[in-house]
Amino acid sequence: MGNTEWKTDRTWIEVNIRHLRHNVQELTKAMPPHCKLMAVVKTGAYGHGAAEISSHLNQMGVTAFAAAVIEEGIQLRESGIRGEILILGHTDARRVPQLVRYDLIQTVIDLDYARELNRQGQPLNVHIKIDTGMHRMGIPAEDVSGVREVFAMEHLHVCGMYTHLCCADSRKADDISFTKKQTASFYSLADALKKSGITLPKLHIQSSYGLLNYPELSCDYVRAGIALYGVLSSAQDETKLKLDLQPVLSLKSRIVLIRLVKKGSSIGYGRSFTASRDSRIAILPAGYGDGYPRSLSGRKADVSIRKHRVPVIGRICMDQLAVDITDVPDAAVGDTAVLIGTKEEGATAPETAGEAGSISNELLSRMGARLPIVVTYE
Ligand SMILES: *Cc1c(COP(=O)(O)O)cnc(C)c1O
């Protein structure tokens with residue numbers, strides 16, 4: 001067996017680079033001409049494989065990336081990724097030498113932290129995070145003097161300033177007005193800085209939903225994560241812009257065993273499922289250890305085998321799950337099962353995540369701890 005065949009003998013993640021390219025083009029078209037796409041590739045590029053995805057993005061001309069933690073940034077550099085890499089989260093100030101060595105841009109998460117970074121005495125590129133209402137990280141937008149202090153710090157080179165919207169995914173009137181307050185306070189801070197003689201660095205506000213619902217904002221970057229991977233967070237989300245996004249990731253597995261069970265037999269842990277007829281059951285070697293949520297057990301989850309959607313039955317185990325293939329008589333050991341894919345293939349990430357009580361972002365980012373990633377270009 002060749003290398004790639006081994007990769008697809010059990011359960012694997014397939015990433016479609018043609019879809020990735022298409023999404024980059026769709027997002028770029030929706031952005032103002034001077035605005036750049038910053039690809040958010042934290043958490044293994046939402047389970048898609050950070051190094052692989054980022055190097056394809058590099059080849060497509062994407063030169064700005066965001067990671068959550070310094071390890072991810074270092075890993076990108078060690079995989080040869082070129083361009084800017086912004087660390088969105090906190091990095092211990094004692095690691096400034098590494099930030100510098102790997103040419104990473106650190107987010108300033110508040111004023112004391114900026115002072116601490118500056119005390120390290122090494123020339124460090126930073127983006128200042130501004131808190132406009134999320135109240136998670138950032139210097140408050142009202143604290144003009146605090147922000148000015150960061151610009152004046154001897155060892156920090158401020159090359160960007162950004163904020164994060166906390167309800168950009170909502171089309172409710174009060175959420176829209178909250179979002180408008182957030183953007184207004186960000187721009188008024190920028191104005192105040194400019195009036196005081198500071199040359200403004202690159203500004204950014206929007207993540208995926210920020211672009212999809214507030215495309216009129218004019219910024220230097222859009223930090224796109226979930227939309228880049230071709231899905232929305234939730235299946236029922238309405239957005240102002242309706243881009244043609246194509247899911248990049250599919251989760252696939254193979255039937256390793258088929259069993260015949262009599263009517264009345266229970267299947268799996270806790271005997272939570274009882275066959276209501278004589279049934280053919282297929283065992284797939286995929287479970288919550290692979291990122292397929294256990295909370296889908298007993299819900300409406302299904303997988304696609306030979307283009308038929310067949311229900312997941314009983315409890316999902318760490319490494320295995322069972323599906324009822326009674327209605328697909330030709331299903332055989334070795335058949336591919338699509339657990340998550342495009343609409344045409346089977347259940348999508350937003351549907352699956354919704355059924356599990358979560359969002360695509362969590363579902364995808366938890367995937368792939370032990371799964372091989374197979375790249376396709378079709
Ligand atoms: C994760 C993250 C993003 C990307 O969000 P998506 O909704 O996936 O596009 C953007 N900005 C910040 C600060 C983030 O933490």
Side-chain angles (χ1 to χ4, degrees), residues 20 23-24 26-28 30-31 35-48 50 53-54 57 62 64-70 72-73 76 84-91 104-110 113 126-139 141 160-171 175 179 182-183 186 202-215 217 219-235 237-241 243 245 247-249 349-350 353 358-367:
L20 181 67
N23 298 337
V24 167
E26 280 290 298
L27 291 168
T28 309
M31 289 162 17
C35 180
K36 275 171 72 169
L37 179 69
M38 181 184 284
V40 180
V41 294
K42 59 189 178 188
T43 326
Y46 294 44
H48 294 61
I53 290 289
S54 305
L57 288 169
V62 175
F65 297 88
V69 300
I70 183 174
E72 295 172 334
L76 291 176
E84 300 156 299
I85 300 176
L86 172 65
I87 307 300
L88 297 168
H90 170 266
T91 304
L104 304 172
I105 305 169
Q106 177 57 43
T107 295
V108 165
I109 62 170
D110 83 346
Y113 180 65
V126 298
H127 283 204
I128 305 175
K129 181 83 174 272
I130 302 299
D131 180 10
T132 55
M134 174 114 174
H135 301 322
R136 186 176 62 175
M137 293 202 294
I139 300 177
M161 186 171 87
Y162 71 102
T163 191
H164 196 45
L165 304 173
C166 56
C167 51
D169 56 336
S170 166
R171 300 307 293 153
D175 288 332
T179 303
Q182 282 194 275
T183 58
F186 183 73
K202 302 280 197 239
L203 303 180
H204 46 119
I205 298 177
Q206 302 138 294
S207 55
S208 296
Y209 280 88
L211 176 69
L212 295 173
N213 284 325
Y214 302 89
L217 292 176
C219 289
D220 295 300
Y221 298 103
V222 166
R223 304 182 303 271
I226 199 69
L228 181 62
Y229 306 109
V231 289
L232 295 179
S233 295
S234 305
D237 281 341
E238 291 292 331
T239 55
K240 187 168 174 184
L241 277 189
L243 301 186
L245 300 171
V248 176
L249 178 144
S358 184
I359 55 173
S360 311
N361 313 45
E362 183 188 11
L363 176 74
L364 295 173
S365 67
R366 280 170 176 272
M367 203 157 284

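Every number for a ligand or one of its atoms is a count from 1 in the order of the listing. We use all heavy atoms of the structure for the numbers below, so side chains are in, but hydrogens, waters and symmetry mates are not. Along the sequence shown, residues are numbered consecutively beginning with 1.
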Practice item. May I ask you to say whether K36 pairs ionically with E84, meaning some side-chain N is under 4.0 Å from a carboxylate O? Key: yes
Check your understanding: Under a 4.5 Å cut-off applied to non-hydrogen side-chain atoms, are F186 and M161 in contact?
Key -> yes
Exercise for review: Kindly indicate whether the side chain of Y46, heavy atoms from C-beta on, has any atom under 4.5 Å from the side chain of I226.
Suggested key: yes
Exercise for review: Of all the heavy-atom pairs spanning L241 and L211, show the shortest one and how long it is.
Suggested key: CD1-O, 3.8 Å
Please produce the table of protein N or O atoms sitting under 3.5 Å from N or O atoms belonging to ligand 1, one pair a line, distance to 0.1 Å.
from: ligand 1; atom 1: 8 (O); to: Y46; atom 2: OH; distance (Å): 2.5
from: ligand 1; atom 1: 8 (O); to: I226; atom 2: N; distance (Å): 2.8
from: ligand 1; atom 1: 9 (O); to: S208; atom 2: N; distance (Å): 2.9
from: ligand 1; atom 1: 9 (O); to: S208; atom 2: OG; distance (Å): 2.5
from: ligand 1; atom 1: 9 (O); to: G225; atom 2: N; distance (Å): 2.8
from: ligand 1; atom 1: 11 (N); to: R223; atom 2: NE; distance (Å): 2.8
from: ligand 1; atom 1: 15 (O); to: K42; atom 2: NZ; distance (Å): 2.8

Exercise for review: Report yes if the side chains of L165 and T183 come closer than 4.5 Å at any heavy-atom pair, otherwise no.
Suggested key: yes
Review point. Side chains of H164 and M137: does their closest heavy-atom pair fall under 4.5 Å?
Key: no
